[in-house]
There are 2 protein chains.
Amino acid sequence: MDKFECIKLFNQIARLGSFTATANELNMSQGAVSKKIAWLENSLGFTLFHRTSRKVSLTSAGKQYLKQCHELIEKITITEQRLKNELSQVVGELKISAPSAFATQRLAIPIRDFINLNPKVSINVSVNDKQVNLYNDDIDIAIRASNLKDSGLKAKKLLDHELCYFASPDYLKQNGTPISHKEIAHYHCITYSLSNPSNVWYFNKEKYTVREIFSSDSPEMIVNMAILGLGIAAMPKWMVQKHIDKNELIEVFENVEKHSLPMYAVYKNEDYLPFRIRAFIDFLASYFESEKLK
Amino acid sequence: MDKFECIKLFNQIARLGSFTATANELNMSQGAVSKKIAWLENSLGFTLFHRTSRKVSLTSAGKQYLKQCHELIEKITITEQRLKNELSQVVGELKISAPSAFATQRLAIPIRDFINLNPKVSINVSVNDKQVNLYNDDIDIAIRASNLKDSGLKAKKLLDHELCYFASPDYLKQNGTPISHKEIAHYHCITYSLSNPSNVWYFNKEKYTVREIFSSDSPEMIVNMAILGLGIAAMPKWMVQKHIDKNELIEVFENVEKHSLPMYAVYKNEDYLPFRIRAFIDFLASYFESEKLK
DNA sequence: CATACACATTCCCAATTGGAATACCAATAA
DNA sequence: TTATTGGTATTCCAATTGGGAATGTGTATG
């Protein structure tokens, strides 16, 4: 027996004052109504209705219970409705995790635009260069360079960055600036350990196995090591542009078709995805898509 | 599927973080737990848990739903408990209907004593000489002279009043004061229409069919008509004592064994009778019992 | 007194439920 | 990589439950 149904039935009957009328209104047999109320009364341990041969009326306990149930049904229904609306409306809080450079340099504008378009959503960005656990840290969407599939996660590719290769002025002064990418083997390379394999770089679609002097899963760390003159590293240009501008880093292999680094929006796989998540991912994807065309 | 059970299950799981642990704790199979939650999620239309291979965690919707459910389940449980307690404790409001004379002259003291003994009960007395409908007027206990069984009512006899016969001084002056009850046939009689039959009076256990000049279902009305000199009437002594004292009425047939008028406490028949009702009726019955012995 | 009306109960069949076993999936260990 | 483990989902079947129709019971009504 569904207690909820019984309680709704109880409400109806209290309103209509009759089992039969309620049964008709709800298209069920009168016997079923009688049985359900009997079950409810029995499971509660007190009587809800006085029965006379002509009508039913609430007992004093029934009256008080009715009041409480009324509130119960109303509140729970409202909550269920609201939560269900999240599946079709962009409302609620959206928690995003993104690497620091990407967050500050690529995410600010689309987030602003998204919020302006969807004023009922609120966004919280957690800047974190480590790979967060979406479940433990309660994150809706993580932006990642690697499409490493965690348990039950889904990923949507947002963009492909052509990589920019760079080293510090000091390093190039000491080791000479390479003219062609084919000289790569003569240089120390700083690699991203999450690339697989990390020590294989592509130029003009050709594989080059490089001398891996240092590797890390942290882009920031890689950039820092390059600035310190450890060797040649590769990262998306937006991540190091400011260092190039300040002459802390110098770009090399400018005129070669390089390997690209994809960025993904990773999110939990659930049967009913809150619409704010779907909407934000789609918005981001189309934002970067249109940006690429410019 | 009982939504209530499912919600309680949902609470448990949220607390324990595991379907299996919950199943063990509640002595049910893990499959059943899985099915119930699946049913609940499906009927709600949104996902409550993220499932990973090692544990389950609440979705954002799940978290909000949990909070709401927690609060509401708690409230309804408390209400159910409180209402159930009314079956074993003397608490709540007790609505009593009683005829005016009986209320003021016989009920005041036992009610005071009952309240002193049971401070958590509150009593409301509705004074009404007409026969009220316990269902329509929302009365718990009605005090009545007649054991007229209404629909589904129960009755407990509280006491037997020996009747007192009386007439106005004027009436007796005009018609002569009867010496013996055997003269009753010569007098006009005022009868209580709810007695059955109303025109048969008993003296020393003998039947006398009387001349019924007026009858009413209202004791007050009967007393008034007697005062106005219409004839001889019969009522419990406590009802007319004050008129006798003021010489508005004079008692007759003092030394005969007379018919008695029973008084009943009438109450609704319900499966689980709130204890305050049972307690008050029992208290009244034993009060009048002990009074009789004095 | 017969009738009508309303709730309770019974009987029976279809639908649902729950348990046990199994499938499945991901994290961990080897 | 592979095997193992710890967890949820699914499947299958027996048992229970639930609902409808008919019937029973009790009470107003005319």
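We name chains A, B, ... by the order of the sequence lines, and we start the count at 1 in each one.
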Novice: Around B:K95, counting heavy atoms of other residues, nucleotides and ligands shown, do more than 12 lie under 6.0 Å from its NZ?
Specialist: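 For B:K95, atom NZ is crowded (more than 12 foreign heavy atoms under 6.0 Å).
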
Novice: Is there a side-chain polar atom (N or O) of B:S29 under 4.0 Å from OP1 or OP2 of C:dA20?
Specialist: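 False: B:S29 side-chain N/O out of range (4.0 Å or more) of C:dA20 OP1/OP2.
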
Novice: Respond yes when some side-chain nitrogen or oxygen of B:R51 is under 4.0 Å from OP1 or OP2 of D:dG7, and no when none is.
Specialist: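 So the side chain of B:R51 is outside the cut-off, no N or O lying under 4.0 Å from OP1 or OP2 of D:dG7.
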
Novice: A:V56 near the nucleic acid: base, sugar-phosphate alone, or nothing, with a heavy-atom cut-off under 4.0 Å?
Specialist: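 Touches sugar-phosphate only.
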
Novice: Contact class for B:K35 vs. all strands (heavy atom < 4.0 Å): base, sugar-phosphate, or nothing?
Specialist: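 Base, at least one base heavy atom under 4.0 Å.
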
Novice: Taking atom types as they are modelled, would you say the side chain of A:Q30 forms a donor-acceptor pair with the base of C:dA8 within the 3.5 Å cutoff?
Specialist: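 Under the 3.5 Å cut-off, the side chain and the base do form a donor-acceptor pair.
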
Novice: What I want to find out is whether B:E80 reaches A:K3 closely enough, with some N-O distance under 4.0 Å, to be called a salt bridge.
Specialist: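 Yes, charged N to carboxylate O under 4.0 Å.
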
Novice: Check A:E71 with A:K75, please: is the shortest side-chain N to carboxylate O separation under 4.0 Å?
Specialist: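 The answer is yes: the pair qualifies as a salt bridge.
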
Novice: Counting only side-chain nitrogens and oxygens, does B:T52 get under 4.0 Å of the OP1 or OP2 atom of D:dG7?
Specialist: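 No, no such contact exists.
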
Novice: On DNA chain C, check which nucleotide each of B:G31 and B:W39 is closest to and give me the residue with the more 5' one.
Specialist: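 Going by which nucleotide is closer to the 5' end, it is B:W39.
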
Novice: Do B:E212 and B:S198 pair up side chain to side chain, a donor and an acceptor below 3.5 Å, judged on atom types alone?
Specialist: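 Judged by distance alone, the side chains do pair up.
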
Novice: Is a donor-acceptor pair below 3.5 Å formed from side chain A:K36 to base D:dG18, judging by atom type as modelled?
Specialist: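 Result: no qualifying N/O pair found.
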
